[in-house]
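Have a look at the structure below, then the notes.
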Amino acid sequence: MSGIFGVISKNNCNEILFYGTDYHSHLGTEYGGMATLAGNFTRHIHDISQTQFKSKFFEDYRKMEGNKGIGVISALEEQPIYLNSKFGPFCIVTNGLIENASEIAVELMKKGHSFTEVSKDGANATELIAKLISQGQNIIEGIEMMFDLIRGSCSLLILHEDGIYVARDRCGYTPLIVGQRDDAIAITSETCAFTNLNFNIIKYMEPGEIILINENGMTEKRKGRKTNQVCAFLWIYTGFPASSYEGINVETVRERCGRFLAKHDTDIKVDVVSGVPDSGIAHAIGYAMESGKPYRRPLVKYTPGYGRSYTPPSQEKRDLVAKMKLIAIKEIIEGNRIIVCEDSIVRGTQLKNFTIKKLWDAGAKEVHVRPACPPLMFPCRFNLSTRSINELAARRAIRSIEGHDLEDVHEYIDNKTDKYKKMVDWTANDLEVTTLRYQAIDDMVKAIGLPKERLCLYCWTGECPSCDKPCNKTSKTEKGVA
Ligand code: SF4
């Protein structure tokens, strides 16, 4: 996943841009980039896979000038992209994934376009989007043409002499929020970027909405759609606790998730409630509040410097981070019956090898695992995560129960069926835990607090959100049920 940030200020915007962009560091680990405009563009891009954004950009930002700028933390490609076009030069940052990027790139090349940037998967999607937009009669028309052509998700910021053009993707999978303070107006993927920079939220953008922000304030260029399908995973895992999307704070949703988990556990006796750091903690706090059992920390994370174990792109690196970052506290574990709240179970291997095993090794009496969301059945259709379908713990369970992969898994999705129970039992056995109980999908939706139809739940249900383009291009089968 990527995060984007932009600001227009009465003064030099470099410091706001630097810190505002840095507050998206939890989303990506590959590239960081910033651009400002003061007559000419200044642009810096660095590989941040081995180091923090702040240390890489500290010298750059102090030399950057201009009252307007954009920044990005990107999990996939180098950004911002600079392009000269018939409506003048611009820099662009994007967040999302274009499913038909290769097809579009081939079509553009047939028409004589060339590409200068490459990403790990071939064409740099941000450059592709820049080229598509540049074919419009103006920037707004270019963005709309691009929205019409792409299949997938794309929110973006365009830094131009007019100001910053801001567009939220049409289905609204990724959020964009506008904030204001006396001397500046800013746009962010994560509202946690606003708090310490003293911005007040003035608008949660709507799907498909396009605005221009500049020295005159905010101008609506295209109205948004009232429907959206915002990613439910933002609240469960990927979002930062201090952030809000659609006006709903992440930490409070996680606490409600934990409360729902506890409500179904009246038959379990426990001594300690814990969460896998960091995103499992708020779920555990909610569980502890509901159950009245003490929240304690049998496993502590050595340093936030290890980051999140899903963000490094290689499994080997993710496993190393997962192994090293958690340290068990024997004095809290030994002889105790422990609830372990986790945001989700993806492959289950890290949870088993680097969390549960540490609890058993330190003398836990019982280990009860409580994921805050239902079993993951499908990878993100927009590649907002690193998992593939065959790696998912639930799919491994189904393969083992059935003897082969299943294309139609609806019986395993319904938590009232025997097949669902078998799948959970198989996974509990595989994880080597005393009990395993997943969150029910309706409880997760209630915890978030938006109507079901306004959430993307594809990871759990396989149902494509109802955007204005058919989603069957990435059906369950095409994602590769082997
Ligand atoms: S498919 Fe999953 S991760 Fe991707 S946007 Fe939908 S809920 Fe989020």
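We count ligands from 1, going down the list as the structure has it; atoms in each ligand are counted the same way.
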Which atoms from ligand 1 have a heavy atom of Tyr458 less than 4.0 Å away? 1 (S)
Pair Asp443-His264, side-chain donor/acceptor within less than 3.5 Å: yes
Shortest non-hydrogen pair, Thr188 vs Ala193, comes out as OG1-CB, 3.7 Å
N/O/S atom of Cys380 inside 2.8 Å of atom 4 (Fe) of ligand 1, strictly under: yes
Pick, from Ser153, Pro379, Cys456, Cys373, the option with the minimum heavy-atom distance to atom 7 (S) of ligand 1. Cys456
Could you measure the distance from the CZ atom of Phe378 to the CD atom of Glu463? Nearest 0.5 Å is fine. 9.0 Å
Ion pair Arg168/Glu246, N-O distance below 4.0 Å: yes
Measure from atom 3 (S) of ligand 1 to every heavy atom in Cys459, Gly96, Gly172 and give the option owning the shortest one. Cys459
Within a distance under 4.0 Å of any heavy atom of Cys231, pick out the atoms of ligand 1 and give their elements. 3 (S), 5 (S), 7 (S), 8 (Fe)
When every non-hydrogen atom of Ile187 is compared with those of Leu157, the smallest separation belongs to CG2-CD2, 3.5 Å
